[in-house]
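To keep things clear, I will list the structure first and then write my remarks on it.
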There are 2 protein chains.
Amino acid sequence: MTVSRKSAEDRREELVRAAIALVARKGFAAVTLRDVAAEVGVAHGLIRHYFPSREALLAAAFDRAVRDELAQLPPTVDDPLVALADWCTSSVEVHYLVWIDAWAEAPRDPELATALRAHHLALDQHTAGLLRRACAAGGGRCDDPDDAARQLTAMLDGLAVQLHVLRVLTPDEHDRVALAHAERLLALRPGTLARAVSSG
Amino acid sequence: MTVSRKSAEDRREELVRAAIALVARKGFAAVTLRDVAAEVGVAHGLIRHYFPSREALLAAAFDRAVRDELAQLPPTVDDPLVALADWCTSSVEVHYLVWIDAWAEAPRDPELATALRAHHLALDQHTAGLLRRACAAGGGRCDDPDDAARQLTAMLDGLAVQLHVLRVLTPDEHDRVALAHAERLLALRPGTLARAVSSG
DNA sequence: GGTGCTGTTGTACGCATGGACAACAAAGGT
DNA sequence: ACCTTTGTTGTCCATGCGTACAACAGCACC
């Protein structure tokens, strides 16, 4: 049997990506080192060569998922209304399954809770920025963007649960409710945002 | 060692309650039959006398948690405004930790997902009723109570995550945002609901 | 072409888990 | 008093887990 060698960098990356996929599929608690190894196609002993413990691997995976999401946030869209509309309608399923699992784990894992809180605050700030710019561009009114951002993120989280977990919403309904809520927060004319959703 | 005997009914109840508490504390996946037995103070073999499997015990525990919550829903309050305001501000921490854990588990457990969806729809209907009555009593306007209920439950779920998991909100902030959102949904004068919160 | 270095494998160990079951102990009927 | 029923215990087993580690294989450098 000839073994296939990879650079340490590539292999680490491969393992982390496999871990993220498996967490989304099976949940933090159910992900096994043997699972991850099988997903990549290596012996499970190899993981110990890159990560001192299972916990370290999962922490790296979560960290990576956060970084991924934050990095791909700015969709390189200039129009503030389009940016906000896209933000309201972009709820990536895989990521949300990871977040919801992290929510469930957070009360027992202070480190994860801290990371989760930091991630949330970053998204909150991003959302506040989107709201500010969209408000100015759309002729709306927004006394307290930070408060509005809190309300929008709460709504989006709740809608994501209804969409991805409870499945009591269709994607279209999700988008309609989210956009309507954002329009109401900014006192925009109904439909302003709905018409701005990028066609892509 | 003299063993302490209990009626089958009482013992079952005791085991289910212990399971609920442990799920809230450690999460579905991490709850062990030995854990539950230790919590109650019996040998772990006893559980098999009451439940055919671990899965059956946890299912019974979740079912019981749902029943508990639905049973104690009507807070025996007549005033519709007070009832709605109480509903917006009552977010029991223990229960929500169980729900969030169930959300995380649902994508892998179709039976749990079904139960969760049924529970959600029941709450949605309850919320729609509250909104209808409060709207009439408070002189608001509500074209589509079902849609408004969907939006309120989504917001409450999102806020519960921010309060209990992320801990980026104080209970007061939670209540303020929730009440303001409900007022906006019904086009009530700001403060109408906030003043109605039962003093208890 | 030997010689380290490093990625990789396979096996082994200790441990915790869910489940199975035989033995035991407390009531309750007769 | 005996015996049946039923709640309860302790022990055993197969399995799967995270971790540890010795041996192996590809690769670069001298």
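A note on names: the letters A, B, ... follow the listed sequences, proteins ahead of strands, and every chain is numbered from 1.
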- Task: Report the distance from atom CG of Asp10(B) to atom C1' of dT6(D), rounded to the nearest whole Å.
- Result: 15 Å
- Query: Which pair of non-hydrogen atoms, one from Gly191(B) and one from Glu183(B), has the smallest distance, and what is that distance?
  - Reply: N-OE2, 3.1 Å
- Message: On a heavy-atom basis, which atom in Leu185(A) and which in Ala148(A) lie closest, and how many Å separate them?
- Response: CD1-O, 3.5 Å
- Task: Please examine the side chains of Leu97(B) and Val23(B), heavy atoms only from C-beta on, and report whether any two atoms are closer than 4.5 Å.
- Result: no
- Any Phe51(A) side-chain heavy atom under 4.5 Å of Leu33(A) side chain: no
- Message: Just the rounded figure in Å: distance from C1' of dG7(D) to CD of Glu9(B).
- Response: 14 Å
- Item | Nearest-Å distance for atom pair CD/P, residues Glu13(A) and dG7(C) | 16 Å
- Message: Counting the atoms with a prime plus P, OP1 and OP2 as sugar-phosphate, which does Ser53(B) contact under 4.0 Å by heavy atoms, base, sugar-phosphate, or nothing?
- Response: sugar-phosphate
- Item | Pairing of Asp144(B) and Arg150(B) as salt bridge, 4.0 angstrom limit | no
- Query: Can you find a heavy atom in the side chain of Asp101(A) that is under 4.5 Å from one in the side chain of Phe62(A)?
  - Reply: no
- Note on the structure: Rounded to whole Å, CZ of Arg54(A) lies from P of dT19(D) at a distance of 8 Å
- Item | Per Arg11(B) side chain, nearest of listed nucleotides dG18(C), dT8(D), dT8(C) | dT8(D)
- Query: Got a sec? Which of residues 33-42 of chain A come in under 4.0 Å of DNA chain D, heavy atoms?
  - Reply: Leu33(A), Arg34(A)
- State which residue, out of Asp157(B), Thr153(B), Asp124(B), fulfils the side-chain hydrogen bond (donor to acceptor under 3.5 Å, both in side chains) condition with Gln162(A). Thr153(B)
- Any donor-acceptor N/O pair, Arg54(B) side chain to Val31(B) backbone, under 3.5 Å: yes
- Query: Which residues, if any, of residues 43-51 of chain A bring a heavy atom under 4.0 Å of DNA chain C?
  - Reply: Ala43(A), His44(A), Gly45(A), Leu46(A), His49(A), Tyr50(A)
